[in-house]
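In what follows, a structure is listed as structure tokens, so that the remarks can point back to it.
Heavy atoms only: backbone and side chains are in, while hydrogens, waters and symmetry mates are out. Sequence positions, counted from 1, serve as the residue numbers for this chain. Ligands are counted one by one from 1 in listed order, and the atoms in each one are counted from 1 as well.
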Amino acid sequence: MSTNDVRVRFAPSPTGPLHMGGVRTALYNYLFAKHNKGTFIIRIEDTDQTRFVPGAQDYIMDSLQWCGIIPDEGPGIGGEYGPYVQSERKAMYRPYAEQLVETEKAYYAFDTPEELDAVREQAKQMGMPNWQYNSVTRVSLKNSLTLPADEVKRRLDAGDPYVIRMKMPRNQDVRFEDTIRGWVVVNTNNLDDKVLFKSDGMPTYHLANIVDDHLMKITHVIRGEEWLPSAPLHVLLYDAFGWDAPKFAHLPLLLRPDGNGKLSKRDGDRLGFPVFPANWTTSEGELYSGYRENGYFAGAFINMLAFLGWNPGTTQEIFSMDELIAAFSLDRVGKAGAKFDPDKTKWFQQQYLKHTSDEELAALLKQEFDLKVEDSRVVAFCKLMKERATFVKDMMTEGAYLFNAPTNYDEQTVSKKWKAESPALMTEWKEQLEAIADFNTANIESAFKAFLEAKGLGIGAVLPLFRLLITGAGMGPSMFEIAAYLGKEECMLRMNNGLSALQ
Ligand code: GLU
């Protein structure tokens, strides 16, 4: 097989918004496809209509788009193997289910849900809480293996409801090699006769998934660990059809920050971080918050996700999508659960913000806030504020004083630093400032140093007072840069205002 034949798919079910674990699965599929110059496909698995949630498919497609995980084939994109939404492929599945019945790999079962509930209840009372429809119990149930052939035909002709179940072989070891976990061996005595097809014409997940992976020529199935228990059944289904199975790679779970259990959709808002790529509002009006609306850059989110289960084997941590594509391999995906770290996520965002150009940041800031100042001023503002910010909006919260003169003065700094002699000292410094002909950062800094020396004072005795009068704040970026940014006239105005406010 040439590497160009690599075809992988991300196959979400539209049962709600895409959790960040789902985005990671999509990302690893995408990186694997692109690294191998293969094809990345999106397939929507909506055969379970009872769990269908309106809007979920659009949410999934929109989130992946935001993340830069762009499919080569999929709904709304097209491709040779479509349609890519399983409900639109409904008519394709029945012949495959019937083929399995004909070859005696599957059978019709007519037991009603009520009958099965009764059997389950009876088993529970006899101390067997985990009753299953399987190779042992099937012999005493209502199916085409126990009923006479004419009775089966009569029921089918009459349109009696039925399901088609997998005829799980007895006591057989199923083995397959998982790229991440190595050899997996499961005995069929531990597997039940899963439903493959229902008389409403809908396949279940298992059948549709195998048929579609085969028809879409999928070479590698890369999916979450929660699907590992289904893999033996899938391997048996490929066998039953006489098809080659794709290679399997089951990704490690995403764990809560304390390592205690799987990261769930409720954890995020409970523990104060988003779990979803973008905001999602349920039909009951409940909001799950998203990375996008929280101000994260898609690149930072993706970079963080890439490291939840994979590492490049070097110390490099910041990767663009192209660098991830170049570096990614399944060999470096571990099998141990990956702990999600909200602080590290913020760190990635901070690094991305730091590496974004002042011009780009200025454009983003203007999108978010209505700034009535020249573009070059906004660019200079971003240059000043970005070192201290994690999110674009932080620059505004932290640096609002660069746009508007302060009206409040940080109380803590006032009580700690503003002394009886401060007004006189600051008046003197103001005069020094005023005398600077070319009011730039370097000149302001050297005037300040000369002033300290002349007064025999340390920086800590003077700088906080200067900052307080100009910004109202106790901390911030370089005061010399701030003063140069504001200009002499504005600085004089602010010094005067501050001096009268703090008399
Ligand atoms: N539809 C399944 C899901 O929602 C796909 C599992 C698979 O990739 O086989 O995750």
Side-chain angles (χ1 to χ4, degrees), residues 6-33 38-53 55-61 63-64 69 71 73-75 81 83-90 93 166 176 178-181 184 194-197 202-238 241 243 245-254 262-265 275-277 280 305 309 330 333:
V6 163
R7 289 176 59 81
V8 295
R9 81 315 189 261
F10 175 55
S13 298
T15 54
L18 193 59
H19 177 276
M20 64 194 232
V23 183
R24 188 204 48 181
T25 302
L27 174 66
Y28 283 15
N29 272 282
Y30 175 77
L31 296 176
F32 181 78
T39 306
F40 171 63
I41 298 151
I42 303 275
R43 181 175 73 225
I44 300 293
E45 299 204 325
D46 60 346
T47 54
D48 187 353
Q49 295 287 323
T50 58
R51 296 181 60 217
F52 179 83
V53 172
Q57 182 178 329
D58 286 345
Y59 175 94
I60 293 167
M61 298 306 285
S63 302
L64 294 181
I69 302 174
E73 297 172 22
Y81 301 86
Y84 294 91
V85 177
Q86 286 185 329
S87 56
E88 293 169 23
R89 303 168 67 80
K90 186 174 167 187
Y93 303 109
M166 178 76 177
F176 65 95
D178 185 282
T179 310
I180 295 168
R181 283 145 216 278
V184 177
K194 279 271 180 300
V195 174
L196 302 176
F197 192 81
M202 269 295 188
T204 60
Y205 154 73
H206 301 291
L207 181 72
N209 186 269
I210 264 57
V211 167
D212 285 348
D213 279 350
H214 173 71
L215 294 179
M216 295 181 180
K217 297 200 164 58
I218 299 303
T219 56
H220 297 74
V221 166
I222 303 168
R223 62 184 173 192
E225 184 178 306
E226 63 275 26
W227 298 103
L228 189 59
S230 301
L233 167 66
H234 296 176
V235 169
L236 286 170
L237 279 169
Y238 282 106
F241 282 117
W243 297 335
K247 291 206 163 67
F248 290 100
H250 289 90
L251 305 176
L253 288 177
L254 291 196
K262 214 171 123 171
L263 187 66
S264 83
K265 63 178 185 184
V275 166
F276 295 96
W280 169 264
L305 273 185
L330 289 173
V333 176

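In this structure, atom 1 (N) of ligand 1 lies nearest to the protein heavy atom Glu45 OE1, 2.6 Å. Closest to atom 4 (O) of ligand 1, if we only count protein heavy atoms, is Ser13 OG, 3.1 Å. Taking atom 5 (C) of ligand 1 as the reference point, the nearest protein heavy-atom neighbour is Ala11 O, 3.1 Å.
The aromatic rings of Trp227 and Tyr205 sit tilted, their planes meeting at an angle between 30° and 60°.
With a 4.0 Å cut-off on non-hydrogen atoms, Val221 does not touch ligand 1 at all. By the criterion of a heavy-atom distance under 4.0 Å, the side chain of Tyr205, and not its backbone, is placed next to ligand 1.
A cation-pi geometry, defined here as NZ or CZ lying under 6.0 Å from the six-membered ring centre and within 45° of its normal, does not hold between Arg9 and Tyr81.
Lys194 has its side chain out of reach of Thr204: every pair of non-hydrogen atoms, C-beta onward, lies at least 4.5 Å apart.
If you take CD1 on Ile41 and CG on Asn29, they are separated by 9.5 Å, rounding to the nearest 0.5 Å.
The ligand atoms of ligand 1 that sit less than 4.0 angstrom from a heavy atom of Asn209 are 7 (C), 9 (O).
Donor-acceptor pairing under 3.5 Å is recorded for the side chains of Tyr84 and Glu73.
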Chi angles and distances behind the ring-ring contact (aromatic ring centres under 6.0 Å, His included) call for Phe32, His220: CA-CA 9 Å; Phe32 181 78; His220 297 74; 4.7 Å; yes
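For the pair Arg9 and ligand 1, a heavy-atom separation below 4.0 Å is found.
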